[in-house]
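Step one of this worksheet: look at the structure below.
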Amino acid sequence: MMGILLGVGAVVGLSACTQETQNQIGRSVQNWTGTNGILEVYAGPTLVKRFLEVDKISTAMGTDDKTARPYRYGYGKIDLNLNGKVDPGEKRVYFEISDYSTSYVFYESP
């Protein structure tokens with residue numbers, strides 16, 4: 001009975017939030033749960049970097065002011081030969097991408 005009441009309360013509380021607040025809640029859940037994704041970085045029409053098995057991409061936040069910074073970061077296995085699979089020697093690396101100058105596509109691994 002208590003579980004039902006908590007579930008109903010959560011639905012009612014979420015429906016009272018603005019759309020932006022709901023989006024922020026959704027992004028925080030996404031960041032927490034992670035995604036098996038692929039990040040591709042382009043220079044014009046040319047693919048120049050690919051990261052596989054990306055668990056999440058997070059938006060950097062300021063330490064003191066807690067405002068979003070203009071870059072995202074994450075970890076993934078670098079696809080050095082751009083063949084779309086993790087080969088021996090391709091290790092998990094940290095990466096950062098700019099919101100302003102980096103052309104990138106992030107998508108769920110098919």
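No experiment lies behind these values; they were computed from the predicted model shown. One is the number of the first residue; the rest follow in order along the sequence.
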Could you tell me the separation between the CE atom of M61 and the OG1 atom of T67, rounded to the nearest 0.5 Å?
6.5 Å

Could you list the residues that satisfy side chain to side chain donor-acceptor pair (under 3.5 Å) with Y94, not counting sequence neighbours?
E96

List the atom of V48, the atom of A43, and the distance in Å for their closest heavy-atom pair.
CG1-CB, 3.8 Å

D65: what forms a salt bridge (Lys or Arg N to Asp or Glu O under 4.0 Å) with it, not counting sequence neighbours?
R69

Under the rule for side chain to side chain donor-acceptor pair (under 3.5 Å), what residues qualify as partners of Y71, not counting sequence neighbours?
none

Does R50 have any salt bridge (Lys or Arg N to Asp or Glu O under 4.0 Å) partners at least two apart in sequence or in another chain, and if so, which?
E40, D79

Residues at least two apart in sequence or cross-chain that pass salt bridge (Lys or Arg N to Asp or Glu O under 4.0 Å) with K77, listed by chain then number, are E53

L82 versus L47, closest heavy-atom pair with distance:
CD1-O, 3.8 Å

Between V41 and T102, is the side chain to side chain contact (heavy atoms under 4.5 Å, CB included) condition met? List the steps.
CA-CA 7 Å; V41 180; T102 305; 3.9 Å; yes

Spacing of F106 atom CZ and L39 atom CG [to the nearest 0.5 Å]:
7.0 Å

Can you measure from OH (Y73) to NZ (K56) and round to the nearest 0.5 angstrom?
6.5 Å

Any sub-3.5 Å donor-acceptor pair from S98's side-chain atoms to Y100's backbone N or O?
yes

Ring pair (Phe, Tyr, Trp, His ring centres under 6.0 Å) partners of residues 46-69, not counting sequence neighbours, each pair once:
F51-F95

With N83 via side chain to side chain donor-acceptor pair (under 3.5 Å) - residues at least two apart:
D87

Go through the structure and list residues passing salt bridge (Lys or Arg N to Asp or Glu O under 4.0 Å) with E90, not counting sequence neighbours.
none

Side chains of I57 and Y75, heavy atoms from C-beta outward: is any pair under 4.5 Å?
no

For the student: nearest non-hydrogen atoms of G84 and L52, plus distance
C-CD1, 3.8 Å

Work out which heavy atom in V54 is nearest to a heavy atom in G76; give both atom names and the distance.
CG2-CA, 4.1 Å

For S103, which residues count as a side-chain contact (heavy atoms from CB on, under 4.5 Å) partner, sequence neighbours excluded?
Y42

